[in-house]
Amino acid sequence: MNLNKEIWLTPLIQETLESLYNKTIPQDAISLQKTRKEFAGDSTLVCFGLSKYSGKKPPETAQEIGEALVKADSRISGFNVVNGFLNIELNYSYWVNYLQGYTPDAKLPEKARRRVMIEYSSPNTNKPLHLGHIRNNLLGFSVAEILSECGHFVSKVNLINDRGIHICKSMIAWQKKGNGETPSSSGMKGDHLVGKYYVEFDKMLSAETNELRAKIDSNDWQGIDNESQEGIKKLLAEIEKAEDSQKQKDLNSTLKQQINNQTPLMKEAREMLMLWERGDTDTIELWKTMNSWVYEGFNLTYKRLGVDFDKFYYESDTYILGKDIVQEGLAKGVLYKKDDGSVWIDLSDEGLDQKLLLRSDGTSVYMTQDIGTAVLRNKELNCSTYAYVVGNEQDYHFNVLKKTLQKMGYSFADGIYHISYGMVDLPSGRMKSREGTVVDADDLIDEVIEEAGNRALELGKTEDMSEDDQNQLFRKLGLGALKYYILKVDPKKRMVFNPEESIDLQGNTGPFIQYTYARIQSLLNKAKALSQIEISLDEMPEESSARYMIRMLEAYSETIQTAAEGYSPAMIANYMYELAKDYNSYYHDYPVLKEENLTLAAFRLEIARKTGETLAKCGKLLGMEMPERM
RNA sequence: GGCUCCGUAGUUCAACUGGAUAGAAUGGCAGAUUCCGGUUCUGUUGGUUGGGGGUUCGAAUCCCUCCGGAGUCACCA
């Protein structure tokens, strides 16, 4: 049963208005919102826009409507008018009944439920996960939970980037320097081991690049083919001529890139990629082995983070898929071919550029692959929404992907949505792998758990717990702190990750909410007998704080639904913090066990119970576990 | 340079998508416990919402302009 008051109040207002003014009033003319804390009332009708129907000034209009509403429905006990705002007050009995029927539930009506795919995580298999991936994973998982809570049918999907030149790099470095090292021989987590060789490759590469640069500077062009020679010479000349330093910088980095490409190591990497694409047995064997190490590592990290997937896609399976579709697009005349054979789409009428979809040698690029997987998934999953959790540096890419598919006539493309999130910065600035400031996901998880443990042990409240229970608790607290810290920020916004603040326990933090929950559980345990007492309005006084708490609980379903529409776990984090804070204040002022009026005590206990349930539910939606004690 | 996004207390974030006197946390300061768990609660301090103009009953939010920052403009992914 949905008791949400907007369900009956909005239509009631509409009817009242229509009979009052004898005009048709569209529903969206009725702007109803929660009454702000500082005013009396439960719901507020904004009356400025209604003047045109009443022909009177907003305050007079509000007054009139208020009077009519009180007459129209007994649930409405009163009202007050401030400027053009009509604050509607509901009966206390309405709220007491509401509390008794309340359970945190945000299910939409059947007809509003949809099939939704959430793609998230999508890692490369050449490096372990880092802080940026953590934001991605937490967001993706949480959004999926939120949509499920609203009744949607969600597929969580991970598209793994397991092929390409970057993967070959770690393979080559391992061949050269690995001496057969494996995760078990080294005791290293598989993804970290592979990552180590990726870094190793980079080191070897920059040594070769420097060497080659020195040779070029002394006019020694051995090992560089004529065409590349010319290119490099031209660049050198341009750098000579360039006047502003920005341009010089740009040219220099292009030059470095070109020299990079001429090193023996890069040549080897490219050769390996070709071997891989041809299906060379040894290459494939090595690739499979090293990838399997990485997957073992990733799975462990996912498990510790508490995220999971319904389906995995691998780029090695999907990277060719888009080619046929591009051919179809050519046939339809949506795409065009240049003289060199490359295929493009012109999106300039959409405010975008031309975009390459197929190289002149016929091989596919990132976009080709994404087009292919999109079509494949639509066949397999048949969703109405395809949401991709990917960083905002790819805003342009997803814009192009969606428009391209639309132009090709795929109607499912309308459902493509990019959940674009901002970078995670450190207090010192951006994470840079070159400077070694990248925060590793596994290290971070270890740290927050350890730190949570340290702080809990200092307080000494967990001494009687078994070591196993303690470890479970520290894990819940550490991860709760981390998840809340990251998810409370609006996904779209860039955020600063301060390692020390992320494990804080006071203020707007995960553990603050967990503490509130644990304390409620303790209260429920001690007050079991009260649950038998029937709550009756006749036996207890009206309390505005209680009314306020129930209104906070009532906001649950609307909050979750708005969060789902906006793909924003942050809204839920803000809500549950507000709820916990208000409850703590209520708890402080209105005792249960000491209250002599047992009906009132039972009523307060009921508020505690429902608040606890709601906090736990919100926590679940963020992937946060609530401890029974801490 | 073109396009996109961002700029809110010292700091980290809010502001129900155009609503009421811009709120929390943190930091600083001052308090509360015969306690149902003090990881709590109550005060206090702190703002020209980057600057300027416009739209209207009303703007942090929408439009224009300038300033500052980021991202992106690959036959990379």
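Lettering follows sequence order; numbering is per chain, from 1. Worth knowing before you read on, the calculation uses all heavy atoms, side chains too, and leaves out hydrogens, waters and symmetry mates.
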Can you tell me how far [atom2] of [N] sits from [atom1] of [X], to the nearest Å?
{"X": "A:Lys492", "N": "B:U4", "atom1": "NZ", "atom2": "P", "result": "17 Å"}
{"X": "A:Asn392", "N": "B:A70", "atom1": "CG", "atom2": "P", "result": "14 Å"}
{"X": "A:Arg36", "N": "B:G18", "atom1": "CZ", "atom2": "C1'", "result": "14 Å"}
{"X": "A:Leu477", "N": "B:U39", "atom1": "CG", "atom2": "P", "result": "13 Å"}

For [N] versus [M], give the span between their [atom1] atoms, rounded off to a whole number of Å.
{"N": "B:C63", "M": "B:U56", "atom1": "P", "answer": "16 Å"}
{"N": "B:C62", "M": "B:C5", "atom1": "P", "answer": "10 Å"}
{"N": "B:C13", "M": "B:G18", "atom1": "P", "answer": "23 Å"}
{"N": "B:U49", "M": "B:A9", "atom1": "P", "answer": "10 Å"}
{"N": "B:A14", "M": "B:G46", "atom1": "P", "answer": "24 Å"}
{"N": "B:A70", "M": "B:U26", "atom1": "P", "answer": "31 Å"}
{"N": "B:C16", "M": "B:G50", "atom1": "P", "answer": "16 Å"}
{"N": "B:G23", "M": "B:U45", "atom1": "P", "answer": "13 Å"}

With under 30° as parallel and over 60° as perpendicular, where do the rings of [X] and [Y] fit, or are they tilted in between?
{"X": "A:Phe497", "Y": "A:Tyr485", "result": "perpendicular"}
{"X": "A:Tyr586", "Y": "A:Tyr583", "result": "tilted"}
{"X": "A:Tyr577", "Y": "A:Phe512", "result": "tilted"}

Give a yes/no on whether any side-chain N or O of [X] is located under 4.0 angstrom from OP1 or OP2 of [N].
{"X": "A:Ser585", "N": "B:U42", "result": "yes"}
{"X": "A:Tyr587", "N": "B:G37", "result": "yes"}
{"X": "A:Ser522", "N": "B:C36", "result": "no"}
{"X": "A:Lys52", "N": "B:C57", "result": "no"}
{"X": "A:Arg430", "N": "B:G71", "result": "yes"}
{"X": "A:Asn498", "N": "B:U12", "result": "no"}
{"X": "A:Arg494", "N": "B:C6", "result": "no"}
{"X": "A:Arg359", "N": "B:C76", "result": "yes"}
{"X": "A:Arg519", "N": "B:C41", "result": "no"}

Worksheet item: Given that A:Lys461 and A:Arg163 both sit by RNA chain B, which one's nearest nucleotide is further toward the 5' end?
Response: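 Here A:Lys461 is the residue nearer the 5' end.
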Worksheet, complete the sentence: By nearest-nucleotide position on RNA chain B, the 5'-leaning member of A:Arg455 and A:Met367 is A:Arg455
Please work out if [X] contacts a base, only the sugar-phosphate, or nothing of the nucleic acid, heavy-atom cut-off 4.0 Å.
{"X": "A:Asp589", "value": "nothing"}
{"X": "A:Ala518", "value": "base"}
{"X": "A:Val82", "value": "base"}
{"X": "A:Tyr590", "value": "base"}
{"X": "A:Met495", "value": "sugar-phosphate"}
{"X": "A:Thr44", "value": "base"}
{"X": "A:Asn87", "value": "base"}
{"X": "A:Val592", "value": "base"}
{"X": "A:Val365", "value": "sugar-phosphate"}
{"X": "A:Asn83", "value": "nothing"}
{"X": "A:Glu315", "value": "sugar-phosphate"}
{"X": "A:Phe48", "value": "base"}
{"X": "A:Asp490", "value": "sugar-phosphate"}

Taking a pair as Watson-Crick or G-U wobble with both distances under 3.5 Å, which nucleotide is matched to [N]?
{"N": "B:C29", "answer": "B:G43"}
{"N": "B:C62", "answer": "B:G54"}
{"N": "B:G2", "answer": "B:U72"}
{"N": "B:A20", "answer": "none"}
{"N": "B:G7", "answer": "B:C67"}

Worksheet item: Is there a donor and acceptor pair closer than 3.5 Å between the side chain of A:Asp425 and the base of B:A70?
Response: no
Worksheet item: Is there a donor N/O on one and an acceptor N/O on the other, under 3.5 Å, for the side chain of A:Thr509 and the base of B:A25?
Response: no
Worksheet item: Would you say A:Tyr577 stacks on B:A24, if stacking means ring centres under 5.5 Å apart and planes within less than 30 degrees?
Response: no
Discussion item. Is the base of B:G19 stacked against the aromatic ring of A:Phe85, taking ring centres under 5.5 Å apart and planes under 30° as the test?
Written reply: no
Donor-acceptor contact present, side-chain [X] to main-chain [Y], <3.5 Å:
{"X": "A:Ser364", "Y": "A:Tyr319", "answer": "yes"}
{"X": "A:Thr509", "Y": "A:Ala481", "answer": "no"}
{"X": "A:Gln514", "Y": "A:Lys476", "answer": "yes"}

Worksheet item: Any idea if B:U17 is syn or anti, going by the 90°-from-0 cut?
Response: syn
Discussion item. Looking at A:Gln27, I want to see if its CD is surrounded by more than 12 non-hydrogen atoms of other residues, nucleotides or ligands under 6.0 Å.
Written reply: no
Practice prompt. Take atom NZ of A:Lys57 as the centre, draw a 6.0 Å sphere, and report whether it contains more than 12 heavy atoms from other residues, nucleotides or ligands.
Written response: no
Item to complete: Apply the ring-ring contact (aromatic ring centres under 6.0 Å, His included) test between A:Tyr417 and each candidate in A:Phe398, A:Tyr388, A:Tyr567; give the one that qualifies.
Response: A:Tyr567
